[in-house]
Amino acid sequence: MRLSGRFWPTLRDAPADAEAISHKLMVRAGLVRQLASGLYSFLPFGLRSLGRITTVIREEMDRIGAQEFQLPVMQPAEIWEATGRYGLDEQFRLQDRSGRAMVLGMTHEEIITWHAAREIRSYRDLPQSWYQFQTKLRDEPRPKSGILRVREFTMKDSYSLDVDEAGLARSYEAHAEAYARMFDRAGLDWYMVESDVGMMGGMGAHEFMAPSPAGEDTIARAPSGAYAANVELAVSVAIDPDFGETPAAYEPFPTPGIGTIEELSAATGLPTGRMCKSVVVVTDTGPVLALVRGEHALHEKKLSHVVGRHRPAQPDEIREWFGAGPGSIGPVGLEGVRIVADPTIATGHYVTGANRDGEHLRGVVLGRDFAAEQADIRTVLAGEGCPVSGEPLVLEPVIEIGNIFKLGTKYSEPLGATYLNADSQERPIVMGSYGIGPARVLAAAIEQSHDEAGIVWPKALAPFDVHIVLVGDAATPQADFAAALFGQLTDLGLEVLLDDREATKPGEKFVEAELLGCPIRVTIGKRTLPDGPLEVQVRRGRERCDVPLHGAAEAILSLWSRQR
RNA sequence: CGGGACGUGGCGCAGCCUGGUAGCGCACCGGCUUUGGGUGCCGGGGGUCGCCGGUUCGAAUCCGGCCGUCCCGACCA
């Protein structure tokens, strides 16, 4: 593409409300513009990158035998009512002119399953993998970080249909391998981690995570690779404090004015690991006392798997149920309150609140002094033991770039998607669902790969492979040379941008080229001719790699192909 | 939804406290200059100061309400 006459608006300054690096750079480099909160338009150069990642994803989906669909964004509400997903907070709802309730799709499990219910009849029709690229709409409570968390975005979503769980396992594995190839081709650092099944429901799930400080999720992983999981479900071997001998009975002691674990630790001289932290939440069926060790935090999501929906208790509620303020409550002698203890509490003896203001108990033992359900409800701490290898776990912020779910029959049963097996028995189709946000992959790539001058695109995602900066006007020998090189590189299969703008100063062209971040930049000016060398810059590291004029196009192709 | 901040030409900002009818840098247009790292100089064009209402002789400025945007938290298929 010749740049003159094209629309490519770059910005010297990022918008003041841009925070994430990818957000600033995508706006400054003329890739996207914001329309409203969580709504972004892709500009022509941004669309080129989006097209490239889309192609990579499509190729890898096709490689595992998946077939592409296109499904409606607007959908009748009844289908969502059938699966119990009508009315979710994030769902955009509307009516057509006759008053029929419609929704804008947040995802397409219902629609795929609806079609499967009508077309799939026999085990001979299975397995299938169906995918699409389609706009998803989600009324996010808080769009943020530019393009990372938005209300409208394109998703590649695919769905596997199998006769049984063994088939699902094969489809799931095929998708995991396809995803690995996609993210490798995209030049990303990524991990596949165990993830919470969340509101999708189902039997197992993994997420593909790109490490980045801009990430909204956190994973725990073993440096050896033995284990990696979203902290929403990560487990670890906690580091036990030295409990000493367990006393024969607990005893109260005064703790006037002490309300936090830290104050209690300071007052007693004991490590926080010997405190039992008491957190009260209110569920639909009443109060629940959650117990974790002092150094740990209660994990809301883990707790919700045990007790369902809940909210923090108010101080006056706590006083009513426990007879003391939040700083002095504990599990001993409690009646009428459900108690859930993290399994770490089952070892050792603890300091807890006495349910009397200004008083705590020491030597409290789970099982002897109080009864509690046990469930993993704590967050993992960095440095705790890997559950597989025992090595210290690392915690790392990540961007979720893809996910894979084993849905099972969660959607096929309510929507009647069944098939007849070889014994003429009707069985529900066993499903999986698999998502990738192409724009998020771009943003993650920028978060992982940029410098002070701008974007450093992995070669698979750059809007162009080679960016030629022409220094000089149209009717010059160097312009002729640039045009010739442009043609040669194009013939070699490269996508080339030729900056042939005449009114733009060379310095400005260089700055904009580095902002845009194509892997290879070639500068052609008076100095280039007649004998060269041809000045070539590799964007990653901004390293000069000049090549002779003779065979320049092939040399550039070779240099390009060696880029990440 | 809770907490915080912001809203003034396309972008970044000052002016607001202490009311007197809007300014700077970049971008844009014209001229000259320059021609390998956002050139330099001169001259220009462009703003309902987010919206509505109130106070006042007079409101970008003070007061109230609303809207929008961002950040932290909650939430997050």
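Just so it is clear, the values below take in all heavy atoms, side chains as well, and ignore hydrogens, waters and symmetry mates. In what follows, chains are A, B, ... by sequence order, proteins preceding strands, each numbered from 1.
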Could you please name the option among [options] that lies closest to any side-chain atom of [X]?
| X | options | value |
| --- | --- | --- |
| A:K301 | B:G36, B:C76, B:U39 | B:C76 |
| A:R85 | B:C75, B:G12, B:A77 | B:A77 |
| A:K505 | B:G25, B:U34, B:G36 | B:U34 |
| A:E514 | B:U34, B:G36, B:G37 | B:G37 |
| A:E300 | B:C75, B:G36, B:C76 | B:C75 |

Using a 4.0 Å heavy-atom cut-off, does [X] contact any base of the nucleic acid, only the sugar-phosphate backbone, or nothing at all?
| X | result |
| --- | --- |
| A:E512 | base |
| A:P15 | sugar-phosphate |
| A:D217 | nothing |
| A:A205 | nothing |
| A:R521 | base |

Length of the [atom1]-[atom2] vector between [X] and [N], whole Å:
| X | N | atom1 | atom2 | answer |
| --- | --- | --- | --- | --- |
| A:Q75 | B:A77 | CD | P | 18 Å |
| A:F510 | B:U35 | CZ | C1' | 11 Å |
| A:K136 | B:A77 | NZ | C1' | 10 Å |
| A:H206 | B:A77 | NE2 | C1' | 17 Å |
| A:R12 | B:G12 | CZ | P | 14 Å |
| A:L11 | B:G38 | CG | C1' | 13 Å |
| A:M26 | B:C11 | CE | C1' | 19 Å |
| A:L515 | B:G38 | CG | P | 15 Å |

Pairs of donor and acceptor atoms involving the side chains of residues 514-529 of chain A, under 3.5 Å and at least two apart or interchain, shall be tabulated with distances.
unit_1	atom_1	unit_2	atom_2	d
A:E514	OE1	A:R542	NH1	3.2
A:E514	OE2	A:R521	NH1	2.9
A:E514	OE2	A:Q537	NE2	3.0
A:T528	OG1	A:G525	N	2.9
A:T528	OG1	A:G525	O	3.1

Distances for protein N/O vs nucleotides 70-72 of chain B N/O pairs under 3.5 angstrom?
unit_1	atom_1	unit_2	atom_2	d
B:C70	OP1	A:Q34	NE2	3.1
B:C70	OP2	A:S37	OG	2.7
B:C71	OP1	A:S145	N	3.4
B:C72	OP2	A:R142	NH1	3.4
B:C72	OP2	A:R142	NH2	2.2

Mind checking the [atom1] distance from [N] to [M]? Whole angstroms is fine.
| N | M | atom1 | value |
| --- | --- | --- | --- |
| B:G10 | B:G4 | C1' | 29 Å |
| B:A22 | B:A5 | P | 30 Å |
| B:A27 | B:G12 | C1' | 11 Å |
| B:U55 | B:C62 | C1' | 8 Å |
| B:G38 | B:C51 | C1' | 37 Å |

Do A:K302 and A:D342 meet the salt-bridge criterion of a basic N to acidic O distance under 4.0 Å?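 No, A:D342 and A:K302 are not salt-bridged.
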
Carboxylate-amine/guanidinium contact A:R142 A:E216, below 4.0 Å: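 Salt bridge: no.
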
Passing option when A:E512 is tested against A:R501, A:R12, A:R28 for salt bridge (charged side-chain N to carboxylate O under 4.0 Å, His left out):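 One option only clears the test, and that one is A:R501.
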
Nearest-nucleotide comparison on RNA chain B, the residue closer to the 5′ end among A:P506 and A:E400: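 Looking at the nearest nucleotide for each, A:P506 comes out on the 5' side.
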
Return whichever of A:W80 or A:A453 has its heavy-atom-nearest nucleotide of RNA chain B closer to the 5' end.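 First, find each residue's nearest nucleotide; the 5'-ward one identifies A:A453.
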
Counting Watson-Crick and G-U wobble pairs only, both distances under 3.5 Å, name the nucleotide matched with B:G37, or none.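 B:G37 is unpaired by these criteria.
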
Let's test your reading of the model: under 3.5 Å, does the base of B:G10 pair with the side chain of A:R28 as donor and acceptor?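 Counting by modelled atom types and ignoring angles, no donor-acceptor contact under 3.5 Å is found here.
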
Is a donor-acceptor contact shorter than 3.5 angstrom present between the side chain of A:E508 and the base of B:G37?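 Checked by distance alone, the answer is no.
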
Name the residue from A:M61, A:H108, A:Q67 that meets the side-chain contact (heavy atoms from CB on, under 4.5 Å) definition with A:Y131.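 With A:Y131 as partner, A:M61, A:H108, A:Q67 yield a single side-chain contact (heavy atoms from CB on, under 4.5 Å), made by A:M61.
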
Is it the case that the side chains of A:H175 and A:S158 hold a donor-acceptor pair, with the cut-off being a distance below 3.5 Å and no angle test?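 A donor-acceptor contact under 3.5 Å links the two side chains.
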
Can you name the side chain to side chain contact (heavy atoms under 4.5 Å, CB included) partners of A:R6, sequence neighbours left out?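 In terms of side chain to side chain contact (heavy atoms under 4.5 Å, CB included), with neighbours along the sequence ignored, A:R6 is linked to A:M1, A:L3.
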
More than 12 non-hydrogen atoms from neighbouring residues, nucleotides or ligands closer than 6.0 Å to CG on A:D89, yes or no?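 No, CG of A:D89 has 12 or fewer neighbouring heavy atoms, counting only those of other groups under 6.0 Å.
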
Would you say A:E165 has more than 12 foreign heavy atoms packed within less than 6.0 Å of its CD?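 Atom CD in A:E165 is not crowded, with 12 or fewer foreign heavy atoms closer than 6.0 Å.
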
